[in-house]
Protein chains: 2
Amino acid sequence: MDGKVINLKSKMEIYKAISDGGNIANCPVREVIQGVSGKWRSLLMMALAEQPYRFGELRRLVPDISQRMLTQTLHDLQRDGYVHREVFPTKPPGVEYSLTDLGRSMFGAFHQVILWAELNHDAVRKARAAFDAGG
Amino acid sequence: MDGKVINLKSKMEIYKAISDGGNIANCPVREVIQGVSGKWRSLLMMALAEQPYRFGELRRLVPDISQRMLTQTLHDLQRDGYVHREVFPTKPPGVEYSLTDLGRSMFGAFHQVILWAELNHDAVRKARAAFDAGG
DNA sequence: AGTGCTGGTCTCTTTTTGAGACCACCAGAG
DNA sequence: CTCTGGTGGTCTCAAAAAGAGACCAGCACT
């Protein structure tokens, strides 16, 4: 995958941004990465990548998220352009959340991490257990 | 760990694991994903993917991390098997941190997200600005 | 003897998160 | 008509996590 000389100049530029001058705090890539990270964001992205969901459905889908964090995380995802929020004027008004094109695009990349986790979560578990045992 | 054995091969099965039965809290994939997420973890992984670094070097490289969080995050990454910690008995003892094979493997997947961020951070910025402006 | 570098830990304060009450609205049951 | 439940939230308060900075031992150079 990486070897030595990477054909991707962007990779080098990212590292440069980190190591050069220490101006990492302003790195736009970092902002996006940290916007992708976060306890609930990835989880909600995974759910919405499957299909659009309504607020209550998401709440039931991710039982251990508080209503407050669900509201806030969806708001943040919407703000970053990953999620579209649509209100339906039904009898009790319903709100549907769905991925935007940008969201689907981002999820395409993030999906690699999901697949890796799927294949390697056992190794991580073992490492964790070994570390906890051996100190 | 849970009733359903999650042996996911495809994207769809992952989503099923989320939506089926709502037992997402025990999903091992979720654990790993959230272990990858986090404000500093990704940043330190990026730095260490470039080359091994010592504690103080990392501190200078990521100026806005507190010493406390650097210690803790490195410890966590080591615990999960992504990072190797080696103490050199030099005059003032130095500690070098480097990626393990598992860490490099994980970073290979995560790298896709970095590349996406590199290409699309402008779109995210615009979305954010538009959202803040229009409400 | 004082200063600085090594990699940390300990304490205190601020920020973030979690738990749960509360809100207005409407539908159907009794 | 009241009672209950489901719609999507907001508000408050306590707990957990993160940030800021003091402090530590050991050694080198001055």
Side-chain angles (χ1 to χ4, degrees), chain A residues 22 24-26 30-31 33-45 47-48 51-80 83-99 131 135, chain B residues 22 24-26 30-31 33-45 47-48 51-80 83-99 131 135:
Chain A
I24 193 174
N26 295 330
R30 175 176 165 181
E31 271 182 45
I33 299 273
Q34 297 198 349
V36 171
S37 299
K39 189 171 177 183
W40 303 115
R41 298 172 83 104
S42 49
L43 221 46
L44 292 179
M45 288 296 294
L48 292 176
Q51 59 172 267
Y53 279 112
R54 296 218 315 280
F55 187 87
E57 290 174 327
L58 285 171
R59 204 159 89 84
R60 283 185 290 274
L61 217 55
V62 187
D64 55 344
I65 192 175
S66 68
Q67 211 164 353
R68 187 178 150 284
M69 285 312 291
L70 182 53
T71 302
Q72 184 178 311
T73 307
L74 285 171
H75 181 270
D76 291 348
L77 289 173
Q78 187 193 357
R79 178 171 180 260
D80 285 358
V83 160
H84 172 68
R85 178 180 188 269
E86 191 163 7
V87 182
F88 292 97
T90 48
K91 321 138 195 192
V95 181
E96 189 184 82
Y97 293 92
S98 56
L99 288 196
F131 186 86
Chain B
I24 193 174
N26 294 331
R30 176 176 164 180
E31 271 181 45
I33 299 273
Q34 298 197 348
V36 172
S37 300
K39 188 172 177 182
W40 303 115
R41 298 174 83 106
S42 50
L43 221 48
L44 292 178
M45 288 296 294
L48 292 176
Q51 60 172 266
Y53 279 112
R54 295 218 312 283
F55 187 88
E57 291 175 325
L58 286 171
R59 204 158 90 85
R60 284 186 289 276
L61 217 54
V62 187
D64 55 342
I65 192 175
S66 68
Q67 211 163 351
R68 186 179 151 283
M69 284 313 292
L70 181 54
T71 302
Q72 185 179 310
T73 307
L74 286 171
H75 181 270
D76 291 348
L77 289 174
Q78 188 193 355
R79 177 171 181 263
D80 285 358
V83 160
H84 172 68
R85 177 181 189 268
E86 190 162 9
V87 182
F88 292 98
T90 50
K91 320 141 195 194
V95 181
E96 188 183 85
Y97 293 91
S98 56
L99 288 195
F131 185 85

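Sequence lines set the chain letters: A, B, ... in the order given, protein chains first and strands last, and positions in each chain run from 1.
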* Using chain A heavy atoms and a threshold of under 4.0 Å, write down where along DNA chain D the contacts begin and end, 5' to 3'. => dT7(D) to dT12(D)
* Identify whether any heavy atom of Phe88(A) sits under 4.0 Å from a base atom; if not, whether one sits that close to sugar-phosphate; answer base, sugar-phosphate or nothing. => nothing
* For Arg68(A), report the nucleic acid contact type (base, sugar-phosphate, nothing); a contact means any heavy atom under 4.0 Å. => base
Could you give the [atom1]-to-[atom2] distance, from [X] to [N], as a whole number of Å?
X	N	atom1	atom2	answer
Gln67(A)	dT17(C)	CD	P	17 Å
Leu43(A)	dG18(C)	CG	P	12 Å
Met69(B)	dT14(C)	CE	P	19 Å
Lys91(B)	dG4(C)	NZ	C1'	15 Å
Glu86(B)	dG7(C)	CD	P	14 Å
Leu70(B)	dT6(C)	CG	P	13 Å

* Asked: Considering residues at least two apart in sequence or located in another chain, which fulfil the side chain to side chain donor-acceptor pair (under 3.5 Å) criterion with Arg54(A)?
  -> none
* DNA chain C: Trp40(A) or Gln72(B), which has the more 5' nearest nucleotide? -> Gln72(B)
* To do: Please tell me which of Val95(B) and Ile65(A) maps to the more 5' nucleotide of DNA chain C, matching each residue to the nucleotide holding its nearest heavy atom.
  => Val95(B)
* Asked: Roughly how far apart are Arg30(B) CZ and Asp64(A) CG, rounded to 0.5 Å?
  -> 4.0 Å
* To do: Determine the minimum heavy-atom distance between Leu48(A) and Tyr53(A), stating which atoms define it.
  => CD2-N, 3.8 Å
* Structure fact -> Closest non-hydrogen atoms of Gly35(B) and Asp80(B), given as atom of the first, atom of the second and distance, are CA-OD2, 4.5 Å
* Gln34(A) side chain to Lys39(B) backbone, donor-acceptor under 3.5 Å -> yes
* To do: Output yes when at least one side-chain N/O atom of Lys39(A) is less than 4.0 Å from OP1 or OP2 of dT16(C), else no.
  => no
* Can you say whether the rings of His75(A) and Phe131(B) are parallel (under 30°), tilted (30 to 60°) or perpendicular (over 60°)? -> perpendicular
* Leu77(A) and Leu99(A), any side-chain heavy atoms less than 4.5 Å apart -> no
